[in-house]
Protein chains: 2
Amino acid sequence: MTISKTNRLSLVEQVVSQIESLIESGEWKIGNQIPPEMDLIQQFDVSRNTLREAVRSLVYAGLLVTKQGKGTFVRSSSALGAAFERRIQQSSLLETLEVRHALEREGAQLAALRRNQEDIEQLRFHITACSKAAEAKDIKAYEEADIKLHKSIMGSSHNDLLIDLYEHMEHSLHESIHQIVEMSSDVNFHLNIHCKLVDAIIEQDVNRAIETVNEYIAQFKKSIE
Amino acid sequence: MTISKTNRLSLVEQVVSQIESLIESGEWKIGNQIPPEMDLIQQFDVSRNTLREAVRSLVYAGLLVTKQGKGTFVRSSSALGAAFERRIQQSSLLETLEVRHALEREGAQLAALRRNQEDIEQLRFHITACSKAAEAKDIKAYEEADIKLHKSIMGSSHNDLLIDLYEHMEHSLHESIHQIVEMSSDVNFHLNIHCKLVDAIIEQDVNRAIETVNEYIAQFKKSIE
DNA sequence: AATGAACCAATCATCCTACAAATTTGAGGT
DNA sequence: ACCTCAAATTTGTAGGATGATTGGTTCATT
């Protein structure tokens with residue numbers, strides 16, 4: 001016995017797979033509207049039910065989003081995001097922060113090792129934006145710039161899986177950054193630590209980069225106790 | 001403005017949500033068969049299409065699995081698993097290893113801080129199992145014991161989100177552990193490092209725990225270069 | 001010309017019936 | 001006891017009909 005068990009893919013699974021390919025290959029670009037159901041029914045040569053089950057699966061996974069009366073649009077090219085965000089919502093702030101610590105520490109370490117000239121320019125640009133926003137006391141702008149800086153650091157790690165995971169903690173990031181900026185009346189302290197981190201990454205000082213991440217995560221932790 | 005945008009949930013989304021609750025609450029246990037479509041149609045008072053779209057979404061997410069002619073069964077209680085595994089499959093071994101590093105470093109740190117008496121017993125049990133398997137030169141048993149040890153360490157962190165993420169790297173874990181055990185003819189070195197890590201966690205020596213993780217991950221990295 | 005009401009077209013959402021395919025069950029014959 | 005095959009159960013696929021939402025068009029009123 002023990003012949004291949006799940007050898008046959010259902011029609012729905014085949015359609016799902018094809019749509020995934022279309023999205024990943026960039027043929028269906030993020031933000032764009034995909035053809036209406038009727039067209040896809042003909043394109044894939046399946047019934048409406050089959051197509052809808054496939055599309056609905058990808059909507060749940062976060063790759064597509066449907067808007068009644070308007071159409072269906074490509075939302076993301078990775079199914080990891082929606083699941084991760086859903087899971088994060090069920091977690092405490094502390095748990096999420098610790099996972100952030102895990103990802104940011106690794107990200108900072110790798111960034112210090114691998115950052116190239118382009119990364120350095122990006123980092124300098126975003127840290128300058130943070131600085132300006134802090135000077136102008138524009139809290140909202142500071143938060144925005146801070147998030148972009150964090151993403152830019154993560155991007156300098158050149159590890160797509162890590163980047164992907166971090167990307168989808170953005171909502172949680174917003175929350176915690178907002179909280180910390182509100183609580184600590186001293187934005188400059190926050191800014192200083194980030195400067196230190198960017199310096200360490202640019203100078204490829206791995207240990208200092210890691211220690212700096214540890215430092216500001218510890219600060220966060222204290223503030224939510 | 002900022003009036004509620006997506007205030008209305010579609011029927012399918014409502015059914016999905018209800019099924020998720022049934023699974024998470026344990027009312028539908030993992031491995032068990034769920035009621036047939038016809039029963040669910042009556043239970044949720046929706047059409048077959050609507051119900052099927054909901055079920056199909058959860059199948060894609062990895063929570064359910066359907067078998068034509070037999071029924072639908074609960075596969076997992078977390079949607080993160082399937083998405084994460086799918087994403088990992090597209091990643092290189094190096095990328096995955098670095099994410100493992102991120103999670104294991106954080107896990108070890110938190111374990112050293114939070115391990116309780118029960119954790120200590122678990123850790124001792126699994127490290128002993130590793131030891132015995134190494135003595136008996138039973139590679140397969142060693143790999144099994146090693147994975148259980150790693151999970152046990154992660155469990156000692158008492159961070160459910162971290163545990164959940166790590167849980168679903170198991171397949172990747174298998175691969176890399178197999179590879180490292182095969183390559184390094186010296187299993188004792190591998191075992192020793194793990195003993196050191198467990199010791200550090202039991203003694204609540206945070207820095208040594210982190211350094212030990214760094215040490216064996218660096219070893220892994222060398223081996224796949 | 002500006003406004004707004006009524007209408008229309010496109011698109012997704014839901015429901016319905018029917019049949020196909022896979023699996024299990026059980027009746028009936030040997 | 002064993003085999004055969006039909007029936008029942010369950011998921012898979014097809015196709016049609018109607019409702020709901022959105023966006024745009026037309027057109028009369030001001």
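These numbers come from the heavy atoms of this one structure, side chains and all, not from hydrogens, waters or symmetry mates. A note on names: the letters A, B, ... follow the listed sequences, proteins ahead of strands, and every chain is numbered from 1.
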Would you mind reading off the distance between L11(A) atom CG and dT11(D) atom P, rounded to a whole angstrom?
18 Å
What orientation do H150(B) and Y166(B) show, parallel under 30°, tilted 30 to 60°, or perpendicular over 60°?
tilted
How large an angle, rounded to 10°, do the end axes of the helix from dA1(C)-dT30(D) to dT30(C)-dA1(D) enclose when each is built from five base pairs?
20°
Would you find more than 12 non-hydrogen atoms of other residues, nucleotides or ligands less than 6.0 Å from R86(B) atom CZ?
yes
Min and max contacting nt of DNA chain C in 5' to 3' order, chain B heavy atoms within under 4.0 angstrom, are dT14(C) to dT24(C)
Kindly state each residue pair satisfying side-chain hydrogen bond (donor to acceptor under 3.5 Å, both in side chains) with at least one member in residues 52-62 of chain A, sequence neighbours excluded.
E37(A)-R52(A), R52(A)-E53(B), E53(A)-R52(B), E53(A)-R56(B), R56(A)-E53(B), Y60(A)-E20(B)
Considering only heavy atoms from C-beta outward, does the side chain of L123(A) approach that of L149(A) to under 4.5 Å?
yes
Nearest-nucleotide 5' precedence on DNA chain D, S10(A) against G69(A):
S10(A)
Report yes if the side chains of E106(B) and V99(A) come closer than 4.5 Å at any heavy-atom pair, otherwise no.
no
Hey, is CD on E24(B) packed in by over 12 heavy atoms from elsewhere, all under 6.0 Å?
no
Across all chains, not counting sequence neighbours, the side chain to side chain donor-acceptor pair (under 3.5 Å) partners of R100(B) are E104(B), S176(B)
Side chain to side chain donor-acceptor pair (under 3.5 Å) partners for S10(B), two or more places apart
E13(B)
Looking only at side-chain N and O atoms, does K70(A) come under 4.0 Å of OP1 or OP2 in dG23(D)?
yes
Could you list the residues that satisfy side chain to side chain contact (heavy atoms under 4.5 Å, CB included) with D45(A), not counting sequence neighbours?
none
Could you identify which residues of residues 47-67 of chain B place a heavy atom less than 4.0 Å from some atom of DNA chain C, listed by residue number, or say none?
S47(B), R48(B), N49(B), T50(B)
Could you pull out all residues at least two apart from E144(A) that satisfy side chain to side chain donor-acceptor pair (under 3.5 Å)?
none
What residue pairs, at least two apart or across chains, pass side-chain hydrogen bond (donor to acceptor under 3.5 Å, both in side chains) with a residue in residues 119-131 of chain B?
D119(B)-H158(B)
Run the side chain to side chain donor-acceptor pair (under 3.5 Å) test against S77(A) and tell me which residues pass, sequence neighbours left out.
none
Within residues 31-43 of chain B, the residues having a heavy atom closer than 4.0 Å to DNA chain C are none
If a pair satisfies side-chain hydrogen bond (donor to acceptor under 3.5 Å, both in side chains) and one of its residues is in residues 87-98 of chain B, list it, with sequence neighbours excluded.
R114(A)-E98(B), N159(A)-E98(B), D164(A)-R87(B), R87(B)-S91(B), E98(B)-K221(B)
